[in-house]
Chemist: 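Sharing a structure, written as structure tokens. Questions coming.
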2 protein chains.
Amino acid sequence: MGLQKPKPDVYQAIADPTRRQMLLLLQDAGELPLKEVTPHFSMTRAAVSKHLHILSDAGLVRERKVGRETRYQMNPDPLLELRRWLAYFDLYWENKLNALRLLVEEPETQTQTQEHLERQPDNGGLKPFFGGDSGI
Amino acid sequence: MGLQKPKPDVYQAIADPTRRQMLLLLQDAGELPLKEVTPHFSMTRAAVSKHLHILSDAGLVRERKVGRETRYQMNPDPLLELRRWLAYFDLYWENKLNALRLLVEEPETQTQTQEHLERQPDNGGLKPFFGGDSGI
DNA sequence: AAATTAGGATACCCTATGGTATCCTAATTT
DNA sequence: AAATTAGGATACCATAGGGTATCCTAATTT
């Protein structure tokens, strides 16, 4: 069983929009070396590398050395921590969620929202009592 | 109930642990003036005020003036943005999630993962196809 | 009216963060 | 072997962020 990393704050890792975008990019692309991540952003290779390391420190990205290049892959597990935290506020939403969802989803999305509105959202079966701390 | 302001970044607002704590505090307490929020933290009134304003800018806290004091109240609505963003990664979890849950809730049954997850693939009614801030 | 109190507003300090530029190494290619 | 390439490592800069101290105002209390 692999042990998990020190976890340098997921919250802060995703605070930066660039890094959020990187996660999405990696999610789509699967696994990319620095060289191929870089052109997606308007900053230097070094900057991209830094961001990737921050993501890596937070456990959101896994590195794998292949030859002289390091390939980066998404690992969303630490985001479970976020989910867990968000679950604290579910109680607040449960009542107004329906009304709110209309406002939120409407703008540019076609929605067949109504259907799954009924089934009460909850947090996907996640309970706020286990440590969503990656490592699996 | 109208939608919130231009939205000065929820992600960044919750990046700070103090502010996260404030949200939880306000969630419990309901509505508090600065004076009563302050003693919960080991920093000056001014610092607390700053944090509250950041939360307020992000729409996570609502201010209400009562006499000379301003009372602050939690408003978790902007966190839906986060939920929405998190939903992007639900697909990644769907396979692992149940395994994890089994590990946590019932350490012995971890072998039955596969059949389990076909039944409970949902992410709490949140769909992964809109949201985020993407951009570039 | 005078004194007190809540808390907004500045001004300022220090550190963290995002970024570039530059150099250095180790694989790869020719 | 020589040249090229990927990307790590520093050094450095500018700005944003958390924090305190201080002053200022407007309600409240006496």
Side-chain angles (χ1 to χ4, degrees), chain A residues 5-26 29-74, chain B residues 5-26 29-74 133-136:
Chain A
K5 311 180 177 182
K7 192 193 310 191
D9 226 38
V10 185
Y11 297 95
Q12 211 163 339
I14 66 157
D16 187 287
T18 301
R19 288 194 289 265
R20 261 172 282 149
Q21 227 173 303
M22 282 180 182
L23 288 181
L24 291 179
L25 170 66
L26 288 177
E31 195 188 41
L32 294 177
L34 177 57
K35 183 197 176 187
E36 292 184 27
V37 174
T38 303
H40 287 85
F41 301 90
S42 51
M43 62 184 81
T44 63
R45 184 171 49 83
V48 173
S49 176
K50 270 192 185 181
H51 281 300
L52 285 171
H53 273 96
I54 290 173
L55 287 172
S56 177
D57 284 348
L60 286 165
V61 148
R62 279 205 223 89
E63 311 181 13
R64 184 169 69 102
K65 290 217 70 169
V66 177
R68 65 179 160 181
E69 67 185 13
T70 308
R71 304 207 181 135
Y72 300 89
Q73 191 180 5
M74 238 274 286
Chain B
K5 308 163 186 181
K7 197 188 301 185
D9 228 37
V10 185
Y11 298 94
Q12 213 164 339
I14 66 156
D16 186 286
T18 302
R19 288 195 288 267
R20 262 172 282 149
Q21 221 175 311
M22 281 179 182
L23 287 181
L24 291 179
L25 170 65
L26 287 176
E31 195 187 41
L32 295 177
L34 178 56
K35 183 196 175 187
E36 292 183 27
V37 174
T38 303
H40 286 87
F41 301 89
S42 50
M43 61 183 81
T44 62
R45 182 171 50 84
V48 173
S49 177
K50 270 193 184 179
H51 281 300
L52 284 170
H53 272 97
I54 290 174
L55 288 172
S56 178
D57 286 346
L60 286 164
V61 146
R62 281 206 223 88
E63 310 180 12
R64 185 169 69 103
K65 291 216 69 170
V66 177
R68 66 179 158 178
E69 65 183 21
T70 308
R71 305 203 181 141
Y72 300 90
Q73 192 179 6
M74 237 275 286
D133 53 0
S134 40
I136 271 191

Chemist: Please lay out, stage by stage, how B/Y72 and B/L55 fare under the test side chain to side chain contact (heavy atoms under 4.5 Å, CB included).
Modeler: CA-CA 10 Å; B/Y72 300 90; B/L55 288 172; over 6 Å; no

Chemist: Hey, does B/E63 reach any base, or is it just sugar-phosphate, or nothing, if we go heavy atoms under 4.0 Å?
Modeler: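 No contact.
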
Chemist: Could you tell me the separation between the CG atom of A/D16 and the P atom of D/dA16, rounded to a whole number of Å?
Modeler: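 Value for this atom pair: 14 Å.
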
Chemist: Give a yes or no answer on whether the side chain of B/R19 reaches the backbone of B/A13 with a donor-acceptor pair at less than 3.5 Å.
Modeler: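 Confirmed, B/R19 side chain pairs with B/A13 backbone.
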
Chemist: Given that A/V66 and A/R45 both sit by DNA chain C, which one's nearest nucleotide is further toward the 5' end?
Modeler: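 Of the two residues, A/R45 wins.
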
Chemist: When the distance from CG of B/L55 to C1' of D/dG17 is rounded to whole Å, what number comes out?
Modeler: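 Nearest whole value for this atom pair: 14 Å.
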
Chemist: Would you check, one step at a time, whether the test side chain to side chain contact (heavy atoms under 4.5 Å, CB included) holds for A/H40 with A/V48?
Modeler: CA-CA 10 Å; A/H40 287 85; A/V48 173; over 6 Å; no

Chemist: For A/T44, which contact category applies under a 4.0 Å heavy-atom criterion: base, sugar-phosphate, or nothing?
Modeler: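 Result for A/T44 = base.
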
Chemist: Which part of the nucleic acid, if any, lies within contact of A/E36, taking any heavy atom under 4.0 Å across all strands shown: a base, the sugar-phosphate backbone alone, or nothing?
Modeler: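 No contact.
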
Chemist: Need one value for A/Y72: base, sugar-phosphate or nothing, where a base atom within 4.0 Å counts as base even if backbone is also close, heavy atoms only.
Modeler: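 Result for A/Y72 = sugar-phosphate.
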
Chemist: Find the distance between CG (B/L26) and CG (B/L60) and round it off to the nearest 0.5 Å.
Modeler: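 With rounding to 0.5 Å, CG (B/L26) is 10.5 Å from CG (B/L60).
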
Chemist: Name the nucleic acid region contacted by B/R19, choosing base, sugar-phosphate or nothing; use a 4.0 angstrom heavy-atom cut-off, strictly under.
Modeler: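 Sugar-phosphate, backbone atoms only, no base.
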
Chemist: As a check on the pairing definition, encode DNA chain C in dot-bracket form, counting Watson-Crick and G-U wobble pairs whose two distances are under 3.5 Å, and using | for partners outside this strand.
Modeler: ||||||||||||||||||||||||||||||

Chemist: So B/K35 and B/E69, do their side chains get closer than 4.5 Å, heavy atoms only?
Modeler: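 Heavy-atom side-chain distance check fails, nothing below 4.5 Å.
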
Chemist: For B/Q12 and D/dA16, is the shortest distance between a side-chain N/O and OP1 or OP2 below 4.0 Å?
Modeler: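 Checking B/Q12 against D/dA16: no side-chain N or O falls below 4.0 Å of OP1 or OP2.
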
Chemist: Is a side-chain donor or acceptor of A/T38 paired with a backbone partner of A/L34 at a separation under 3.5 angstrom?
Modeler: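 Yes, the answer is positive, given that a donor and an acceptor are paired below the 3.5 Å cut-off.
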
Chemist: Please identify the 5'-most and 3'-most nucleotides of DNA chain C with any atom under 4.0 angstrom from a heavy atom of chain A.
Modeler: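 Span of nucleotides near chain A: C/dT17 to C/dT28.
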
Chemist: Take B/L23 and B/V61 through the test side chain to side chain contact (heavy atoms under 4.5 Å, CB included) and record every step on the way to the result.
Modeler: CA-CA 8 Å; B/L23 287 181; B/V61 146; 4.1 Å; yes

Chemist: With distance as the sole test, does B/R20 use its side chain to make a donor-acceptor pair with the main-chain N or O of B/A15 at under 3.5 Å?
Modeler: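 Present.
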
Chemist: What do the steps show when you test B/H53 against B/E63 for side chain to side chain contact (heavy atoms under 4.5 Å, CB included), and what is the final call?
Modeler: CA-CA 9 Å; B/H53 272 97; B/E63 310 180 12; 3.6 Å; yes

Chemist: Take A/K50 and A/R68, find for each the nucleotide of DNA chain D with the closest heavy atom, and name the residue whose nucleotide sits nearer the 5' end.
Modeler: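 Its nucleotide being nearer the 5' end, the pick is A/R68.
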
